[in-house]
Amino acid sequence: MRIHARRVSDGIVRGKVAKSTAPLSFLGELDANTGKVENPQSELNGRSVTGTVLVFPEARGSTVGPYVLYGAAKRGTAPLAMVVGTADAIVASAAVLANLPCVSGVDVAMLHDGEEVIVNGAEGSIEIPHVEENRVVTSLLQNEKGQVLLLKQPGTVRTYQGKWGGISGLLEDRDPVAQAYEVVEAALGLRREDLSPVGKGAVAYAREGGQGFVIHAYLFRTSRGDLRAAKGYSELAWVDPLQRAQYPAVAGLDRAITLLLA
Amino acid sequence: MQLTKEEESILRGEKGPRLGELMRILVTVGELNDASRLIPIWSAHLSGVSFKTMGLPGTEFLEDAAKEVRFSVPTTVNPAGYDVGGPGLIRADDDFRWKQERLVRSLLAMGAEPSFSCIPYAIERDPPAGVHLAWAESSAVIYVNSVVGAFSNREGAPTALASAVLGKTPDHGLHRPEGRHPDLVVDVGPSPDPIRYTVLGAYLGKKLGSRIPYVRGVAPNIDSLKEMGAAMSAWGSVPMFHVEGVTHEASRQDVRRLEHLSVDARELAEFEHSLGGDESPNLVAIGCPHCTASELNTLAEVLRKRGENAKPKTEVWAFTSRGVIAANPDVVSYLRKAGIKIVQDTCMVVAPLGAEYPVIAVNSAKAAFYASKKSFSGQRVVFGTTEELIRKYV
């Protein structure tokens, strides 16, 4: 599967992921001589990041940190590329000084430690070759109280039995917005005139083992808060978005709601 | 970003690979922050000057850069790891001194002014209101934004260096009028004692993160503004503050729709208590950020009150800049006669003092923050006002 990301610095490399879910400070937590991480909070503690795709949520600590990565690059101990959740001036300067491809805006949960990926800093993407890509369209409806319509998958579907989600379908190779209206009509019988689109939609990524999901999500407001049943789903509920954690969800729903309501 | 033809050419490496790399830093950071262009700066101020904070890779970077590029705008630098131009009051081993020396030589070769101070605004490069700067010392950044009315983001060591060479900075954040608006109103309740601004600053910094406060109910003088800002920008990453009726841009702000935070004297007193323990220090250190002339005068006043002939029973060091020392010979000589060590070019945070002085007494909440950190000095901290520290321990 392929994940779009924000370009930070150019270059394309293929390499194995070394992942920290803890923020990293280059100064004091990366040894330029050995390439080893020294941070007990990190899964990478004691491990070398030399020649890896270094994945971490964000940089912290001293702004002198980028010079450590420069030193690592000079000594041949630097990673091959960086993938970060949020890039700041420390990450950006480090990527430039060590001359590494770097992308940001990626949920680090999408990448697993040790797997092989291709980081494309020129176009802003990450390819995970061994993960199958499933492209999905998901429509979320919101009523006048701000509640979001969640629908429960029946026990008969192949994946995510009994899990809650939006109104979804596999995305075909044509206009996703048109398909977003179509899945709503198929499930609920609502037409375009019953729905007013909110925002521009969002792309959320999710992953379960070898299956990856690229979710094109759209939010519509509707005055039809009286909906009681939906074709293809076993149950439905209008849910306050802040309470959504109480509903065991299909992959990517949480992220899609976060992006759509932002 | 929209770049000029010349900027494009530098970015492509046509003026040399090092300039291209530095331009790429500015453009990358600019694009990350949705800046539309680069703007010229009046001066740069660099952090990453002490070998203690830079380490060997940083020193090597400066050496490599010094072979190829020069600063194109006035550039001041932060304190070094020992008193590089002074009489050698700070004990540091030869290896540290040698590496510090290499680092300093590289900076001077690129054209840095030998300021070695975190208060370049006091003497060396006092910016007028309205100019754009690329400064990398957080306490100086918050001061020039709030008190002077100049514009600077909180630059990091590499971005400030790139700006010093290229004479430009990306136009975003504090350089834009909309980046200087307050995010919330802080109401400070009545205090039985004179307010301790360094404590208030630290308390707010911890609460605010990177938000800009509009503070009401206080009337700090210029030294108090300096210490409050320094603490706020160390305990948080606050880039600027407004004080109603006091700071430069406060009267222009519309605060009607902002959320409020109330602070009372009791909370501040509790917080102050957490800043340090109660034991005898090996060293009383004043001047974080570096002492201004008026802070040296305050120290002299405190000593005068306690009697001319009393010699200190604990060492007292006052850190300041060589510029302040040169401009204020009278108070400096008075303090020296009173047994105070006046230390230039370095400071209690970036000098390697931890081993020799495991318990340090400070009057600055910024110093308290760093001194106790393992990655800095790992010291135990005693906290009080200048007057309290002198009375109790000296």
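Basis for what follows: all heavy atoms, side chains included, without hydrogens, waters or symmetry-related copies. The chains referred to below are lettered A, B, ... by the order of the sequence lines, with proteins before strands, and numbering in each begins at 1.
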Can you confirm whether A:Lys16 is buried at NZ, in the sense that more than 12 heavy atoms of other residues, nucleotides or ligands lie under 6.0 Å from that atom?
no

Would you find more than 12 non-hydrogen atoms of other residues, nucleotides or ligands less than 6.0 Å from B:Arg180 atom CZ?
yes

So for A:Leu97, is it side chain, backbone, both, or neither that comes closer than 4.5 Å to the heavy atoms of chain B?
both

When only pairs under 4.5 Å are counted, which of B:Leu22, B:Thr59, B:Leu32, B:Val27 shares the most heavy-atom pairs with chain A?
B:Leu32

Only pairs of heavy atoms separated by less than 4.5 Å count here; which of B:Arg154, B:Glu155, B:Glu31, B:Arg24 has the most with chain A?
B:Arg24

May I ask you to name which of A:Val64, A:Asn33, A:Val8, A:Val91 has the most heavy-atom pairs under 4.5 Å with chain B?
A:Val64

How long is the gap from OG on A:Ser62 to CE on B:Met54, to the nearest 0.5 Å?
9.0 Å

When you measure from the side chain of A:Thr63 to the backbone of B:Ala157, do you find a donor-acceptor pair of N or O atoms at a distance under 3.5 Å?
yes

Contact part of A:Asn99 toward chain B, heavy-atom cut-off under 4.5 Å: side chain, backbone, both or neither?
side chain

Around atom NZ of A:Lys36, are there more than 12 heavy atoms from other residues, nucleotides or ligands closer than 6.0 Å?
no

Can you tell which part of A:Ala32 gets under 4.5 Å to a heavy atom of chain B, answering side chain, backbone, both or neither?
side chain

Pick one of side chain, backbone, both or neither for B:Leu161, based on which atoms fall under 4.5 Å of a heavy atom in chain A.
side chain

Specify which of B:Leu26, B:Asn153, B:Thr28, B:Leu56 makes the most heavy-atom pairs with chain A at under 4.5 Å.
B:Thr28

Highest number of heavy-atom pairs under 4.5 Å with chain A among B:Pro158, B:Ala160, B:Gly156 belongs to B:Pro158

OG1 of B:Thr53 to OH of A:Tyr67, rounded to nearest 0.5 Å, is 10.5 Å

Of all heavy-atom pairs linking B:Val29 and A:Ala92, the shortest is CG2-CB, 3.9 Å

Under-4.0 Å salt bridge between A:Arg6 and B:Asp34
yes

Does atom CZ of B:Arg105 have more than 12 heavy-atom neighbours from other groups under 6.0 Å away?
no

More than 12 foreign heavy atoms under 6.0 Å from CZ of A:Arg7: is that the case here?
no

